[in-house]
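Below: one structure, written as structure tokens.
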There are 2 protein chains.
Amino acid sequence: MNLNEALNLLKNEGYKFTDKRKDILEFFAEEDGYRTASDLWEILNKKYPGISYDTIYRNLHLFHDLHILESTELAGEKHFRFSCGHDHHHHHFICNNCGKTKSIETCPMDFIQPKFQGYMIESHKFEVYGLCPVCQ
Amino acid sequence: MNLNEALNLLKNEGYKFTDKRKDILEFFAEEDGYRTASDLWEILNKKYPGISYDTIYRNLHLFHDLHILESTELAGEKHFRFSCGHDHHHHHFICNNCGKTKSIETCPMDFIQPKFQGYMIESHKFEVYGLCPVCQ
DNA sequence: TTGTAAATAGGAATGCTTACGATTTACGAA
DNA sequence: TTCGTAAATCGTAAGCATTCCTATTTACAA
């Protein structure tokens, strides 16, 4: 997923193209890490003073539903990042300081699946937290 | 960790012994899964009508700090369970319906640690979600 | 039995998120 | 290009989990 793919997906699904949606997608396309709704609001409010939180959250959910963004919960707050898992399943290391991520290609489910006979597995979460080389 | 160990730990650390603390610990000792603050409030309010949420949260945090309870975040809400990780590190399968858990002894960090040269790993989260045999 | 710090009650405040009526806007059709 | 309409946004209120605060009560040691 990149910026153009996301813009095309929006158009193909029949959603309207607005400056704010473009700027939201550009924001996430430029970031390589998890960001919160208020991170996004801080940036957009410079260009669109008084932008509604409704607009922020509505579009975050829309983009998430369209799989343009993926999300995770960190410290009780939802965080979003540009989706990078369209072509292959993987997990993330997430820097506790800057929010930037590093892909982890190994999926622990490959090792433990056999141990869950009788259980219906619906999803899983594997994330590693710490400090990236830059933030140490 | 069991109920008596928890009660002794409380006493040894100099905390006062109250009926509410006893009942909170008994609640978690009887449950074998993750429960929320309001789950707990629902139960305690029967015996102590009007019990303050302050009491609930203050004690949940106390017990968590004392490692009597462990916690995780599910669907935007903090969940707590009696700690079972004192003697050995492990992860959990968590039933999406009843909250009950099953231990996972395999830790994915054993496989991926070498791939993080230059990164300072501080913590990790691995949880599997689905339906337990009873809830299917 | 009493003194005191700890614990609790009751309720207000906070922070993130969602909801909603009124207004504006994107965009296809005329 | 203009117009009509559904979609998008605004401004603000409400919801929910959680935290905070002060007055009151309680556990427990002296």
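Just so it is clear, the values below take in all heavy atoms, side chains as well, and ignore hydrogens, waters and symmetry mates. Residue numbers begin at 1 in each chain, while the letters A, B, ... track the order of the sequences.
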The answer to which of A/P49 and B/H79 contacts DNA chain D further toward the 5' end, by nearest nucleotide, is A/P49
For atom CG of B/L10 and atom C1' of C/dA6, their distance in whole Å | 13 Å
Rounded to whole Å, the CD1-C1' distance (A/I56 to D/dA8) equals 13 Å
Report yes or no: does B/N45 contribute a side-chain atom to a donor-acceptor pair with the main-chain N or O of B/W41 at less than 3.5 Å?
-> no
All side chain to side chain donor-acceptor pair (under 3.5 Å) counterparts of A/E105, not counting sequence neighbours | A/H88
Whole-Å distance, A/L60 CG to D/dA8 P, equals 15 Å
Contacts of A/D65 meeting side chain to side chain contact (heavy atoms under 4.5 Å, CB included) (sequence neighbours excluded), chain-then-number -> none
D/dG15 C1' sits how many Å from B/E77 CD, rounded?
-> 13 Å
Please say which of B/L40, B/L44, B/I43 ends up in a side chain to side chain contact (heavy atoms under 4.5 Å, CB included) with B/I51.
-> B/L44
How close or far is atom P of D/dT25 from atom CZ of B/R21, stated in whole angstroms?
-> 19 Å
Looking for any heavy atom pair under 4.0 Å, which part of the strands does B/R58 touch: base, sugar-phosphate only, or nothing?
-> base
Bend angle of the helix from C/dT1-D/dA30 to C/dA30-D/dT1 from five-pair axes at both ends, rounded to 10°?
-> 20°
Output one line per pair: protein atom, nucleotide atom from nucleotides 1-3 of chain D, and distance, for all N/O pairs under 3.5 Å.
none

Can you tell me how far C1' of D/dC10 sits from CG of A/N45, to the nearest Å?
-> 13 Å
DNA chain C contacts among residues 23-40 of chain B, heavy-atom distance under 4.0 Å = none
Please work out if A/G50 contacts a base, only the sugar-phosphate, or nothing of the nucleic acid, heavy-atom cut-off 4.0 Å.
-> sugar-phosphate
Show the atom names and distances, to 0.1 Å, of all donor-acceptor pairs under 3.5 Å that link a side chain in residues 106-116 of chain B to residues at least two apart or in another chain.
residue: B/T106; atom: OG1; partner: A/K115; partner atom: NZ; Å: 2.7
residue: B/K115; atom: NZ; partner: A/T106; partner atom: OG1; Å: 2.8

Can you list, pair by pair, the side-chain donor-acceptor contacts under 3.5 Å of residues 118-126 of chain B, counting residues two or more places apart and other chains?
residue: B/E122; atom: OE1; partner: A/N96; partner atom: ND2; Å: 2.6
residue: B/H124; atom: NE2; partner: B/H89; partner atom: NE2; Å: 3.3
residue: B/H124; atom: NE2; partner: B/H91; partner atom: NE2; Å: 3.2
residue: B/K125; atom: NZ; partner: B/T72; partner atom: OG1; Å: 3.0

With a 4.5 Å limit on heavy-atom distance, are the side chains of B/C95 and B/L131 in contact?
-> yes
Rounded distance (Å) that lies between atom C1' of D/dA29 and atom NZ of B/K11 | 13 Å
What pairs with A/R21 under salt bridge (charged side-chain N to carboxylate O under 4.0 Å, His left out), at least two apart in sequence or on another chain?
-> none
Going 5' to 3' along nucleotides 18-30 of chain C, which nucleotides have protein heavy atoms under 4.0 Å from the base (write B), which only from the sugar-phosphate (write S), and which from neither (write -)?
-> BBB-----BS---
Members sharing B/Y129's hydrophobic cluster (side chains within less than 4.5 Å) = B/Y34, B/L74, B/I94
Go through the structure and list residues passing salt bridge (charged side-chain N to carboxylate O under 4.0 Å, His left out) with B/K47, not counting sequence neighbours.
-> B/D23
Please name all residues satisfying salt bridge (charged side-chain N to carboxylate O under 4.0 Å, His left out) with A/K22, sequence neighbours left out, ordered by chain then number.
-> A/E26
Check: A/F28 main-chain N/O paired with A/E31 side-chain donor or acceptor under 3.5 Å = no
Rounding to a whole Å, what distance do you find between A/W41:CH2 and C/dT17:P?
-> 14 Å
For the residue pair B/F80 and B/H64, does the interplanar ring angle fall in the parallel (under 30°), tilted (30 to 60°) or perpendicular (over 60°) class?
-> perpendicular
Would B/F82 end up clustered with B/F93 when hydrophobic side chains under 4.5 Å apart are linked, directly or stepwise?
-> no
